[in-house]
Visitor: 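Would you mind keeping the following structure in view while I ask a few things?
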Amino acid sequence: MKAGIFFSFFALAASAFATPIIAERQLESQATQLDELTALVRQHTANMNATAASYPDNPSLAQQNDAAKKLKPDFDAVTDALKAATSTLAKREFWTEIVARGGDSSNPPSGGGGSSCDKDCLTIKIKILIFEIAYTLKFLIIKLGLACLLPLITPLIIALSGLIKALDKVVAGLLILVGGLLHAILGGLAGGILGLVGW
Ligand SMILES: *[C@@H]1O[C@H](CO)[C@@H](O)[C@H](O)[C@H]1NC(C)=O
């Protein structure tokens with residue numbers, strides 16, 4: 001009886017102790033994932049900027065549609081990268097938890113390179129990603145008009161919303177924060193798309 005009580009107390013204490021370790025490792029692996037994602041996104045936003053810059057201000061309808069066609073591969077790449085990051089993050093969350101519950105805890109699979117990243121640090125990384133995407137979209141919409149870009153921007157925003165929803169489980173309040181940022185940057189230009197995903 002006493003052993004039983006001791007055991008359940010120990011199990012309770014162990015699980016209370018384990019929670020912050022799991023959270024910490026998640027933040028680290030997610031930080032690395034976000035760094036990689038932002039680096040990849042930057043390659044494509046650089047292409048998008050260069051593509052848009054090659055068109056005159058107030059482009060004709062034909063030029064707008066031509067630009068959209070040239071921008072599509074870069075948009076698709078960003079949308080795919082956001083989706084891939086979302087599913088990797090979901091898998092890592094699960095895997096890290098299994099390891100923390102009895103795997104080899106001396107060698108966490110964080111891939112974090114030893115650098116620790118807390119919630120504030122993770123939030124900053126997410127803001128950098130959001131600013132990169134949002135300001136590029138703003139530039140493109142002002143330059144080319146929303147109409148030709150709508151079929152490209154909509155899936156990207158849906159994918160971004162999926163990623164932020166997944167991360168909101170780790171950094172509570174992130175969905176609201178990012179929604180606020182996107183509205184501040186794009187609200188006047190693409191508020192309808194943001195509304196579509198509940199932002
Ligand atoms: C693309 O242009 C936007 C708007 O000027 C800018 O915020 C963004 O950093 C640029 N991206 C790259 C990779 O040059």
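For this chain, numbers begin at 1 and follow the sequence in order. Whatever order the structure lists ligands and atoms in, that order sets their numbers, starting from 1.
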Visitor: Which of the numbered atoms in ligand 1 are under 4.0 angstrom from any heavy atom belonging to Thr45?
Guide: 11 (N), 13 (C)
Visitor: Return the option from Glu132, Gln43, Met48 holding the heavy atom at the smallest distance from atom 11 (N) of ligand 1.
Guide: Glu132
Visitor: Suppose we measure from atom 7 (O) of ligand 1 to each protein heavy atom; which comes out shortest, and what is that distance?
Guide: Tyr135 CB, 3.3 Å
Visitor: Would you indicate which of Ile133, Asn47, Asn49, Leu137 comes nearest to atom 12 (C) of ligand 1 when only heavy atoms are counted?
Guide: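 When every heavy atom of Ile133, Asn47, Asn49, Leu137 is considered, Asn49 comes closest to atom 12 (C) of ligand 1.
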Visitor: Distance from Ile158 atom CD1 to Lys83 atom NZ, nearest 0.5 Å?
Guide: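 Rounded to the nearest 0.5 Å, the CD1-NZ separation comes to 8.5 Å.
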Visitor: Need the ligand 1 atom indices (1-based, order shown) with element for anything under 4.0 Å from a heavy-atom of Ala46.
Guide: 13 (C)
Visitor: Under 4.5 Å between side-chain heavy atoms, counting indirect links through other Ile/Leu/Val/Met/Phe/Trp/Tyr residues: same cluster for Ile124 and Ile176 or not?
Guide: no
Visitor: Per the disulfide (SG to SG under 2.5 Å) rule, what does the pair list look like for residues 120-182, sequence neighbours excluded?
Guide: Cys117-Cys121
Visitor: Is a side-chain N or O of Thr38 found less than 3.5 angstrom from the main chain of Asp35, in a donor-acceptor match?
Guide: no
Visitor: Mark up the atoms of ligand 1 that fall under 4.0 Å of a heavy atom belonging to Arg42, in ascending order.
Guide: 13 (C)
Visitor: Do any N or O atoms from the side chain of His183 and from the backbone of Gly191 form a donor-acceptor pair under 3.5 angstrom?
Guide: no
